[in-house]
Amino acid sequence: MSNILKPLYFAVSWVIITIHNLLSPIFGANSGVSWSLSIVGLVIIIRVLLIPLFVKQIKSQRALTALQPHMKEIQKKYKDDRQKQSEEMMKLYKEHKTNPLASCFPILAQAPIFFSLFTVLNGIGKNPPVRHGVLTQADVVSAAQAKFFGAPISDTFLGTNVTTVKIVTVLLIAFMSATTFTTQRQLMLKGMPKMDSSNNMMLQQQKIMLYLFPLIFAISGVNFPIGVLIYWSTTNLWTWGQQFYVIKRNPTPGSPAYEELQRKRAHKEGTIENPESGSTETIENPDVKGQRKQPKKKKKK
Amino acid sequence: MKKFIVAVIHFYQKWISSSFAPRCKYYPSCSSYAATAIENYGFKGVAMSAWRLMRCNPWSHGGVDYVVIKEKVGTIS
């Protein structure tokens, strides 16, 4: 296993040390800020690399506008059979060579990087520090002293008696739970085409997220070095920001956020004589849009 | 062992994935595919599930894809 991941140890440690060397003149070579920001930088690079995939997914979500009549038909036809409904939906996507769903890839792709970072940081935390990838012994010794809000970035909750480490771990776990919760809640309330899932189910899901997720994060988080938790928190924050942007600016057709945006645009066009060009895609006549919207809204409620 | 893995998958479906927005490009989803495959094929099912998970990527169009179940399943522990 460690042989397969070896190239990744090199990649991860190289990115970290490069960013660290860039930041050292500003914050100091042994400073926790330089080392923590190096991990944040690693997240940013990976997430930027994943953006094209995200854009691709958004594009295929937009392509759904054309499929809406078909989708409505399926929903009506298999009203009582949700399984059949999703089966037919998938068939439709495949036929039209578009699929709005993200797949597990964006998460799975990050897993090896996550574990490489875990190994690299764990090595730093050993006494004496063990180096991985391109890190030199001097780098490792320096990183072993680096602190994030007073907690050494290579320390774990379970591997220390230092109260600061425990407090920082708990705070990071709380932060990760909060970002996951807000992201998923926002997506389900606003970002997805309305399904006929009941309010009860939604509440149930939110309960799971409120109680189970912090627990899962806590169980895994106490075993991870602070640095890994920094990675995890940052990537969560990125996911939240990315989704917030898309829901506000480019929501999925048929979702509540989309309807809201349409309403806003319709309102704008209604009050201002010259509508901003480029803000709407296919609709030429604002009046038609207004008429089309009303029955849609009523039906859903 | 087989039962244990399937139980883990069911736990994941009930408690973890149900609280996220759906993301699988296939029907049935990768997790139910995995549960069926492992129930029917044992260890080979694990490989089938891994392959399915790899096919469910940003460049695929997804679709309907059931586990092909043979009439006679050999003696698999």
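The chains referred to below are lettered A, B, ... by the order of the sequence lines, with proteins before strands, and numbering in each begins at 1.
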Next on the checklist: Could you go through Y27(B) and Q85(A), starting from their C-alpha distance and side-chain angles, then the distance that decides it, and tell me whether this counts as side chain to side chain donor-acceptor pair (under 3.5 Å)?
Outcome noted: CA-CA 10 Å; Y27(B) 183 88; Q85(A) 212 181 78; over 6 Å; no
Item to check | Interface residues of residues 176-186 of chain A facing chain B - non-hydrogen atoms under 4.5 Å apart | outcome: T180(A), Q184(A)
Checklist outcome for this item: Greatest number of non-hydrogen atom pairs under 4.5 angstrom with chain A, of G63(B), P28(B), S60(B), falls to G63(B)
Kindly list each side-chain donor-acceptor pair under 3.5 angstrom involving residues 110-117 of chain A, sequence neighbours excluded, with atom names and distances?
residue : atom : partner : partner atom : Å
Q110(A) : OE1  : Y231(A) : OH           : 2.9
Q110(A) : OE1  : T235(A) : OG1          : 3.1
S116(A) : OG   : P112(A) : O            : 2.7

Item to check | Residues of residues 53-60 of chain A near chain B, each having a heavy atom less than 4.5 Å away | outcome: L53(A), K56(A)
Item to check | E95(A), part contacting chain B, at a heavy-atom distance under 4.5 Å | outcome: neither
Checklist entry - With only heavy atoms counted, which part of I216(A) is less than 4.5 Å from chain B, the side chain, the backbone, both or neither? => result side chain
Item to check | K190(A) atom NZ, over 12 foreign heavy atoms within 6.0 Å | outcome: no
Next on the checklist: Please enumerate all residues that pass side-chain contact (heavy atoms from CB on, under 4.5 Å) together with V8(B), with sequence neighbours excluded.
Outcome noted: F4(B)
Checklist entry - Atom CH2 in W59(B), atom CG in N99(A): separation rounded to 0.5 Å? => result 14.0 Å
Next on the checklist: Using only atom types and a distance under 3.5 Å, with no angle test, would you say the side chain of N57(B) pairs donor to acceptor with the backbone of F105(A)?
Outcome noted: no
Checklist entry - Is there a side-chain contact (heavy atoms from CB on, under 4.5 Å) between S103(A) and R23(B) once you walk through the steps? => result CA-CA 5 Å; S103(A) 81; R23(B) 56 167 55 245; over 6 Å; no
